[in-house]
Structure formats: C-alpha cells, structure tokens
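Just so it is clear, the structure is predicted and the values come from calculations on it, not from any experiment. These values consider heavy atoms only, across backbone and side chains, with no hydrogens, waters or symmetry-generated copies.
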2 protein chains.
Amino acid sequence: MRKLKTFEELLDQKYGELGSAKRTAFEGKAMIFSVSEMLKNARKEAGLTQEQLALKVGTQKTYISRIENGKSDIQLSTLYKVFEEGLGKRLTISIE
Amino acid sequence: MRKLKTFEELLDQKYGELGSAKRTAFEGKAMIFSVSEMLKNARKEAGLTQEQLALKVGTQKTYISRIENGKSDIQLSTLYKVFEEGLGKRLTISIE
DNA sequence: AAAATTGTAAACCAATTGGTTAACTTTGCC
DNA sequence: GGCAAAGTTAACCAATTGGTTTACAATTTT
C-alpha cells in the first residue's frame with residue numbers, strides 16, 4: 001500500500017545514480033551532496049565517531065550508520081536533531 | 001518509547017512559540033516560515049486548493065491539511081514530493 | 001599481525017507516518 | 001441567510017521509522 005522511496009532514491013531517480021549534482025547543499029559551498037553524504041561529511045569534519053554523534057543525539061551508532069548509508073527515509077525532526085543538536089549546524093530548508 | 005517531537009515543535013522549543021524567525025525559508029526572501037507555513041503559502045501562491053495539490057502528489061486533501069497544520073512529522077521524501085512534484089519548486093536542504 | 005576502535009548489517013518491536021473514508025466546520029458567494 | 005467549495009478532524013490500518021541489541025566487517029593503532 002505505502003510505497004515510498006527514500007529521499008536519496010528520489011534524488012537518484014531524478015538526477016541519475018552517480019556523480020550528478022543533487023539538490024542539497026553542504027557548508028554553502030559549491031559542492032552538493034545528498035543528505036546522507038552531508039551528514040557523513042559534517043560528522044567527520046566535526047571529528048566525531050558515529051558513536052559519539054549518536055550519544056549527543058540520544059540514539060545508537062547503528063542508527064547513524066543507517067542514515068549515513070541512505071538505508072531509510074528520514075523524518076524532518078530527526079534531521080534537525082542530528083544536524084543541529086548533534087553537530088551544532090544550522091539546518092535550512094528552502095524552496096525556490 | 002519513541003518520543004519524537006515534530007519538526008515544528010522542535011523549532012518552537014528553540015525559538016519560542018510565536019513570531020520568532022524560524023530556520024526555514026521561502027522563496028529566498030527575508031521572510032522565514034516553518035515548513036508548514038511554507039507549504040501553505042507556496043500552495044496558495046500557486047493558486048491550488050488542497051485537493052488539487054493532493055491530486056498532483058497522489059494523496060488526499062486531508063493529508064495536505066494535516067501537514068499544513070503541523071499535525072505530524074514529515075518524511076524528507078514527502079517534503080520532496082509535495083514541493084517538487086506538487087508545486088514545481090526546488091527544495092534545498094543545507095547546513096551552515 | 002594482533003588488538004582495539006570504528007562502522008555496517010540483521011533482526012525485533014513499539015510508535016508513527018502516510019493513505020484513505022466519512023463526517024464536520026469554515027469560508028466565500030449569490 | 002442559504003449553498004457550494006474548501007479546509008479540518010477523527011478514525012482505521014498497513015508499512016515504515018527510529019530505538020535497541022547482537023554479531024560481524026573494516027579500519028586504525030601499536
């Protein structure tokens with residue numbers, strides 16, 4: 001009945017599997033990543049392990065891993081928690 | 001066990017109930033809205049009823065209403081579908 | 001190269017989303 | 001006011017998320 005694709009899959013579907021620019025951003029730079037990649041990059045840039053991030057967000061490293069590998073869709077509130085509370089980043093959602 | 005707040009609630013918690021600028025954008029303008037408000041505004045600007053939007057996205061007007069009133073958390077893929085496929089907007093998720 | 005640390009995968013499950021119908025309320029129009 | 005259109009609310013339910021544990025791979029360190 002419910003047949004939802006993950007956000008990552010939707011992007012892939014529209015922009016092609018690999019390499020294509022995806023409509024997400026990172027650090028306001030030209031490089032454009034999927035949300036999964038954004039998280040992985042931001043976490044590493046912050047010098048945290050998955051376990052350390054998980055602790056700050058109040059979850060398990062296994063769940064962080066799942067997100068970073070695009071294994072499931074993500075709630076907006078989860079995104080917020082991970083980026084803002086976990087990594088101290090400002091999350092912006094905008095449309096043009 | 002799972003005790004998640006909606007994205008809207010997280011914003012309220014951090015920025016106060018009313019009037020405060022919230023970390024989402026709309027049309028790249030200075031005005032800043034919550035995702036719910038963004039959707040409502042964008043839909044009206046597009047001149048669509050909830051029912052018409054629902055049809056384009058493949059859901060019911062009741063669900064659109066629920067989102068516009070912040071009644072539940074939202075999956076990233078749903079956001080994408082509604083804004084991009086439903087309203088022809090470009091959705092950008094970025095962090096600073 | 002063994003040990004330790006870090007990351008991934010699988011499985012389980014309660015709680016929640018998203019799809020849907022039906023009934024009700026609000027808004028706009030004549 | 002009365003009618004129609006638009007929007008909201010409640011309820012139901014399958015499928016999915018997010019929390020969690022355990023076990024296994026990969027990477028790093030000594």
Side-chain angles (χ1 to χ4, degrees), chain A residues 1-13 33-87 91 93, chain B residues 1-13 33-87 91 93:
Chain A
M1 191 211 266
R2 191 142 82 93
K3 250 286 284 312
L4 260 168
K5 292 183 172 152
T6 67
F7 185 62
E8 308 295 320
E9 285 170 337
L10 282 171
L11 289 173
D12 282 348
Q13 177 183 293
F33 297 93
S34 73
V35 169
S36 293
E37 288 171 300
M38 274 168 68
L39 174 57
K40 193 169 228 155
N41 282 300
R43 177 178 60 79
K44 286 186 172 164
E45 203 169 74
L48 295 176
T49 66
Q50 289 183 343
E51 192 155 30
Q52 289 170 323
L53 175 56
L55 196 74
K56 297 182 89 179
V57 175
T59 183
Q60 254 59 35
K61 63 177 182 168
T62 50
Y63 182 55
I64 302 295
S65 173
R66 248 155 40 185
I67 301 177
E68 288 190 357
N69 291 294
K71 300 292 187 192
S72 81
D73 215 335
I74 314 177
Q75 306 280 355
L76 225 40
S77 67
T78 302
L79 247 205
Y80 182 92
K81 279 201 327 186
V82 173
F83 280 120
E84 300 245 347
E85 297 176 10
L87 296 172
L91 176 69
I93 291 156
Chain B
M1 191 213 265
R2 191 142 81 91
K3 250 287 282 311
L4 261 169
K5 292 182 172 151
T6 66
F7 185 63
E8 309 294 321
E9 285 169 339
L10 282 171
L11 289 174
D12 281 348
Q13 178 183 294
F33 297 94
S34 73
V35 169
S36 293
E37 288 172 299
M38 273 168 67
L39 174 56
K40 193 170 227 153
N41 282 298
R43 177 178 61 77
K44 285 184 173 165
E45 202 169 75
L48 295 176
T49 66
Q50 290 182 342
E51 191 155 31
Q52 289 170 323
L53 175 56
L55 196 73
K56 296 183 87 177
V57 174
T59 184
Q60 253 60 35
K61 63 175 183 173
T62 50
Y63 182 54
I64 301 295
S65 173
R66 252 157 35 188
I67 301 178
E68 288 190 359
N69 291 293
K71 300 293 186 189
S72 82
D73 215 336
I74 314 178
Q75 307 280 353
L76 224 40
S77 67
T78 302
L79 248 205
Y80 182 92
K81 280 201 325 186
V82 173
F83 281 121
E84 299 245 347
E85 297 176 9
L87 296 171
L91 176 70
I93 292 156

For [X] and [N], give me the distance from atom [atom1] to atom [atom2], rounded to whole Å.
X      : N       : atom1 : atom2 : value
D73(A) : dG18(D) : CG    : P     : 8 Å
L76(A) : dT16(C) : CG    : P     : 17 Å
L53(B) : dA6(D)  : CG    : C1'   : 13 Å
I67(B) : dT16(C) : CD1   : P     : 18 Å
Q52(A) : dT6(C)  : CD    : C1'   : 10 Å
K81(B) : dG19(C) : NZ    : C1'   : 10 Å
Q50(A) : dA25(D) : CD    : C1'   : 13 Å
N69(B) : dT25(C) : CG    : C1'   : 13 Å

Can you tell me how far apart [atom1] ([X]) and [atom2] ([Y]) are? Round to the nearest 0.5 Å.
X      : Y      : atom1 : atom2 : answer
L48(B) : L55(B) : CG    : CG    : 10.0 Å
I74(A) : K81(A) : CD1   : NZ    : 12.0 Å
L79(B) : E84(B) : CG    : CD    : 10.0 Å

Applying a 4.0 Å non-hydrogen cut-off, can you work out what [X] is touching in the nucleic acid: base, sugar-phosphate, or nothing?
X      : value
K71(A) : sugar-phosphate
S72(A) : sugar-phosphate
K44(A) : nothing
I74(A) : sugar-phosphate

Could you tell me whether the side chain of R66(A) has a donor or acceptor atom within less than 3.5 Å of a complementary atom in the base of dG7(C)? no
Check the phosphate of [N] against [X], side-chain N and O only, distance under 4.0 Å to OP1 or OP2. Yes or no?
X      : N       : answer
Q60(B) : dG19(C) : no
Y63(A) : dG19(D) : no
T59(B) : dG19(C) : yes
R43(A) : dG7(C)  : yes
T49(B) : dA6(D)  : no
K61(A) : dT22(D) : no
Q75(B) : dT16(D) : no

Pairwise 5' ranking along DNA chain C for K40(A) and G58(B), keeping only the more 5' one: K40(A)
Taking for each residue the nucleotide of DNA chain D bearing the nearest heavy atom, is the 5' side occupied by T62(B) or by V57(A)? T62(B)
Is any side-chain heavy atom of T59(B) closer than 4.5 Å to one of T78(B)? no
So, the side chain of D73(B) versus the backbone of Q75(A): is there a donor-acceptor pair under 3.5 Å, distance only? no
Would you find a donor on one side and an acceptor on the other, under 3.5 Å apart, between the side chain of R66(A) and the backbone of K71(A)? no
